[in-house]
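Working notes, structure below.
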Protein chains: 2
Amino acid sequence: MPSAGNQTYHHGDLRSALLDAASARIENQGIEGLSLRKLADDVGVSRSALYHHFRDKNALLNAVAANGFANWIAMTSESGGDESVPAPVRMKQFVHGYVHWAVKHPQLYDLMFGRPIWKNDLADDELKDVAYPAFQYMLSLITHWQQQGLLLADKPALRQTQVIWATLHGLAKLVTDGVYADSSHIDEMCDCAVNMLLPKQ
Amino acid sequence: MPSAGNQTYHHGDLRSALLDAASARIENQGIEGLSLRKLADDVGVSRSALYHHFRDKNALLNAVAANGFANWIAMTSESGGDESVPAPVRMKQFVHGYVHWAVKHPQLYDLMFGRPIWKNDLADDELKDVAYPAFQYMLSLITHWQQQGLLLADKPALRQTQVIWATLHGLAKLVTDGVYADSSHIDEMCDCAVNMLLPKQ
DNA sequence: ATCTTTATCTTGACAGTGTCAAATTATAAG
DNA sequence: CTTATAATTTGACACTGTCAAGATAAAGAT
């Protein structure tokens, strides 16, 4: 029974080792800098050992992206579950949380949304099963805000969710592209977004 | 004096021929499907002839993207210059125009914004010289709307421009990724965005 | 224990990619 | 007509993802 990190012929837990190494490389150099052969070298294994754990490169990237979504959901549902703070503050926190998470993991965020996974239908079921609940969670959040009167009820919650996500994603792109590295700009932009999206009383 | 389309050794206008062929291929198969060697075949020229007109593949993609920005500016400034219609209608038209342009040229739009040109500092001066005025035009538009009272003056026009562009880009991503192919959804989403971004009187 | 089966990993190979150096050819300049 | 310059090609290199066939280790059966 070989343990992880052994020098045996059978690696033991190659799948997760590959996932970790891939995440690390993506975090440092981005998706463009990820080659399967370098990855194999990192883990100390042959080029094509990977194919016994992932169908192809895309499947590996999907798995990394799926981890990203799981990570995002954990972060978000944790910080958003505090019912004691008033709804406007929670929305503000949510917006800042979303954008700051993207700033903290720019390469991962880019993999999850920027790479044409969705356009080219490259997302496998495992990824969809994690990504869809993420959007669903946002929808439930915004439905709740609408019921509380924070948002108007003149448009369906689905549409408002799409618009709000669009704004969040656009802001995230703006900051992860490095044009606005200054963190004060980020917070000002988030505040401005909340200010514009919330109906003035 | 060889004319374009000749079979002579010197192509005559290889640069623009390559640009056209690249645009065509990108429009059909996207950036991922663009190989320099296939491109050379399309134009009927050797693999490395390209390097006498573009420094590398990135320079070619930059040139195509620059054309896209020029195209976008032409479309926008044409449809946005009508001062006879009231400002709220013009903003609505602007939003719909932006998203529909993205839907019409999804692959080009993806090249202009989706590919990590900006994040990885791959944009050359030629591209920046076209892309920056595009944003500047939006800024002037929104400053104008603010002066007309269509938007509040409680936040700087630059911040509001960033937020509005973020929303537009997010919507464009939503629709170009093909999740919402139905055009009625697109219009509803645009309307909802305008509805939310404009201050309620 | 030994044999068989199965999962895992490696080596060799192939087609494809972007890119460069050197050689070739056509155009322009003197 | 010669020279210089620009445009294009051929050969080559390192790199990529992926597959087929063989080698090796672990697990299961007898």
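Protein chains get the first letters and strands the later ones, always in sequence-line order, with residue 1 at the start of each.
- If you check every strand for non-hydrogen atoms under 4.0 Å, B:Leu50 touches nothing.
- Note: CG (B:Leu39) to C1' (C:dG16) measures 16 Å, nearest angstrom.
- Note: CZ (B:Arg25) to C1' (C:dT17) measures 14 Å, nearest angstrom.
- Just one residue in the list A:Asp20, A:Asp41, A:Asp42 forms a salt bridge (Lys or Arg N to Asp or Glu O under 4.0 Å) with A:Arg25, and that residue is A:Asp42.
- Comparing C:dC9, D:dA12, D:dG17 by their closest approach to the side chain of B:Arg37 singles out D:dA12.
- Spacing between atom CG of A:Asp41 and atom C1' of D:dC15 amounts to 13 Å, rounded to whole angstrom units.
- For the helix from C:dA1-D:dT30 to C:dG30-D:dC1, the terminal axes (five pairs an end, C1' atoms, rotation from four pairs onto the next four) enclose an angle of 0°, given to 10 degrees.
- Atom C1' of nucleotide D:dC15 and atom CG of A:Leu36 are separated by 12 Å, given to the nearest angstrom.
- Residue A:Ser35 has no polar side-chain atom (N or O) positioned under 4.0 Å from OP1 or OP2 of D:dC15.
- With D:dT18, C:dG18, C:dT8 as the choices, the nucleotide that has an atom nearest any side-chain atom of A:Tyr51 turns out to be D:dT18.
- When side chains are defined from C-beta on, A:Leu150 does not count as touching A:Arg90, because their heavy atoms never get closer than 4.5 Å.
- The pair B:Lys173-B:Asp177 meets the salt-bridge criterion, since a charged nitrogen lies less than 4.0 angstrom from a carboxylate oxygen.
- Between the side chain of B:Arg47 and the base of C:dG18, no donor-acceptor pair under 3.5 Å is found.
- At whole-Å resolution of the value, CG in B:Leu14 and C1' in D:dA6 are 13 Å apart.
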| query | Would B:Tyr132 and B:Phe69 satisfy ring pair (Phe, Tyr, Trp, His ring centres under 6.0 Å), going step by step from the backbone distance to the final call? | reply | CA-CA 9 Å; B:Tyr132 188 69; B:Phe69 275 101; over 10 Å; no

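- Computed from coordinates, the B:Arg15 CZ to D:dA6 P distance equals 17 Å when rounded to whole Å.
- Distance check: A:Lys92 NZ to A:Cys190 SG gives 9.5 Å after rounding to the nearest 0.5 Å.
- Distance, B:His53 NE2 to D:dA6 C1': 9 Å, rounded to whole Å.
- Between B:Ser48 and B:Lys38, the residue anchored closer to the 5' end of DNA chain C is B:Lys38, taking for each the nucleotide with the nearest heavy atom.
- Atom-to-atom distance recorded for B:Leu108:CG and B:Ile31:CD1 is 9.0 Å, nearest 0.5 angstrom.
- The separation between B:Lys57 atom NZ and D:dT16 atom C1' is 12 Å, rounded to whole Å.
- Interatomic distance, B:His105 NE2 to B:Met112 CE, rounded to the nearest 0.5 Å: 9.5 Å.
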